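Single-structure report; data block below.
Counting begins at 1 with the first residue of the sequence. Since this is a predicted model, take the numbers as computed values, not measurements.
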Amino acid sequence: MRKRTALVWGVAIVCFVVLMLVTPAIPQSQEYHDFADQREFIGIPNALNVISNFPFLVVGVIGLVLCYYKNYFKLSIQGELCGWTVFFVGVAAVAFGSAYYHLEPNDARLVWDRLPMTVAFTSIIAIFIIERVDERKGTWSIVPLILAGIVSIVYWRFFDDLRPYAVVQFVPCIVIPVMAILLPPMYTHSTYWLWAAGFYLIAKIEEAADKPIYNFTFHIVSGHTIKHLCAAMVPVFLTIMLAKREIAEERVTLLQIWRISWTKVKENGNDVEDVECTYSVVPVEESK
């Protein structure tokens, strides 16, 4: 097991080094700060982009309280409790960091927007390792993963290179759905992970389509504002999952469940009995 773990980390480090060597630096575009909706309401600049961060605070606080209130989430492993605590703290902090950035968008403030998001991303990876790979390794990975995320932001700020941050942000978007499908879960309701990943993907699309959405809605709401609301659905779905899930009696992957369901559908389709209809000609007497 130790050799396998060392091999995985070795391959990951080699891939990252190769990526840094063969790809050009990605500077932070200043056009990123030019959002479609810059309207001011009640004295708040970029008001909707600021206010739309409030759901992160609500969900983060609720999740954090439920982690400790009479063990509502039934977290039986200490590493899980630490991981989910860090996640919900990160989610709540997004509300403050993102709002602070959108009040006056620039590179210096963008650090405080990205920092809590990175903490949330990296803690989720650690939680997945705890639940689906190894409890001890996952628990020990919480701090190193968070530090890796923080280093990626520091590297971008000092060297104006987004490559490490891009890895930290987008690798979980690929790894988490794949792990959710292929690795056997400790708990039920694993499909909520896929719902969360789907909403995050939609949020990134809305972010890229900030100005087209703003024009399409006749300047009512921008893509970035909707992106905030959609991204807030990620912790919402994960909170619902934590509230509903139970320890799985059998650790079966989602892929296996889908295969079994598909097999049953095919079998039910083949078991449909053929109904043979026989028609007889009935003579009709003409009335006189």
Using the ring of each side chain (for Trp, its six-membered ring), is [X] parallel, tilted or perpendicular to [Y], with breaks at 30° and 60°?
X	Y	result
Tyr214	His219	parallel
Trp84	Phe87	perpendicular
His228	His224	perpendicular

Considering all heavy atoms, the nearest [X]-[Y] contact:
X	Y	answer
Ser141	Ala126	OG-CB, 3.7 Å
Gly90	Val119	CA-CG1, 4.5 Å
Ile213	Ser222	CG2-C, 4.0 Å
Ala196	Val234	O-CG2, 3.4 Å
Ile150	Thr118	N-CG2, 4.2 Å
Arg39	Ile220	NH2-O, 2.9 Å

Answer whether the closest heavy-atom distance between the side chains of [X] and [Y] falls below 4.5 Å.
X	Y	value
Lys204	Gln169	yes
Arg157	Gln28	no
His33	Leu110	yes
Asp37	Val221	no
Cys82	Val86	no
Leu229	Pro55	yes
Ile202	Met233	no
Thr139	Gln78	no

Treating [X] as the side-chain partner and [Y] as the backbone partner, does any N or O pair qualify as donor plus acceptor under 3.5 Å?
X	Y	value
Arg109	Tyr100	yes
Asn46	His102	yes
Arg132	Leu183	yes
Arg163	Thr23	yes
Asp161	Ile26	yes
Ser190	Ala180	no
Asp210	Ala36	yes

If you count the non-hydrogen atoms of other residues, nucleotides and ligands that lie under 6.0 Å from [atom1] in [X], is the total more than 12?
X	atom1	answer
Tyr72	OH	no
Phe16	CZ	yes
Arg259	CZ	no
Glu249	CD	no
Phe41	CZ	yes

What's the spacing between [X] [atom1] and [Y] [atom2] if we round to 0.5 Å?
X	Y	atom1	atom2	value
Ile127	Ile77	CD1	CD1	11.5 Å
Ser98	Phe56	OG	CZ	7.0 Å
Ile142	Ile125	CD1	CD1	12.5 Å
Asp107	Asp113	CG	CG	11.5 Å
Asn215	Thr217	CG	OG1	8.0 Å
Met241	Thr188	CE	OG1	9.5 Å

Centroid-centroid under 6.0 Å between Trp195 and Tyr192 rings: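 Trp195 vs Tyr192: aromatic centres not under 6.0 Å.
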Look at the side-chain heavy atoms of Ile, Leu, Val, Met, Phe, Trp and Tyr, link any pair under 4.5 Å apart, and say whether [X] and [Y] land in one connected group.
X	Y	result
Phe128	Val252	no
Leu255	Val175	no
Phe237	Val65	yes
Leu66	Val59	yes
Val151	Val17	no

Pairing of Arg136 and Asp134 as salt bridge, 4.0 angstrom limit: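 Salt bridge absent between Arg136 and Asp134.
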Residues Lys211 and Asp34 bridged, charged N to O under 4.0 Å: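 Salt bridge between Lys211 and Asp34, a charged N being under 4.0 Å from a carboxylate O: yes.
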From CA spacing to verdict: side chain to side chain contact (heavy atoms under 4.5 Å, CB included), Phe88, Leu242: CA-CA 12 Å; Phe88 284 115; Leu242 288 171; 3.9 Å; yes
Sole residue of Glu80, Arg251, Lys244 in side-chain hydrogen bond (donor to acceptor under 3.5 Å, both in side chains) with Tyr187: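 By the side-chain hydrogen bond (donor to acceptor under 3.5 Å, both in side chains) criterion, Tyr187 pairs with just one of Glu80, Arg251, Lys244: Glu80.
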Residue list, ring-ring contact (aromatic ring centres under 6.0 Å, His included) with Phe73, at least two apart or on another chain: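 Listed in chain order: nothing, the list is empty.
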Residues Met117, Tyr165; criterion side chain to side chain contact (heavy atoms under 4.5 Å, CB included); working and verdict: CA-CA 11 Å; Met117 286 192 292; Tyr165 175 73; 4.1 Å; yes
Side chain to side chain contact (heavy atoms under 4.5 Å, CB included) assessment of Leu162 paired with Arg114: CA-CA 12 Å; Leu162 286 169; Arg114 288 175 171 168; 3.3 Å; yes
Steps toward side chain to side chain contact (heavy atoms under 4.5 Å, CB included) verdict (Ile181, Thr253): CA-CA 6 Å; Ile181 293 171; Thr253 67; over 6 Å; no
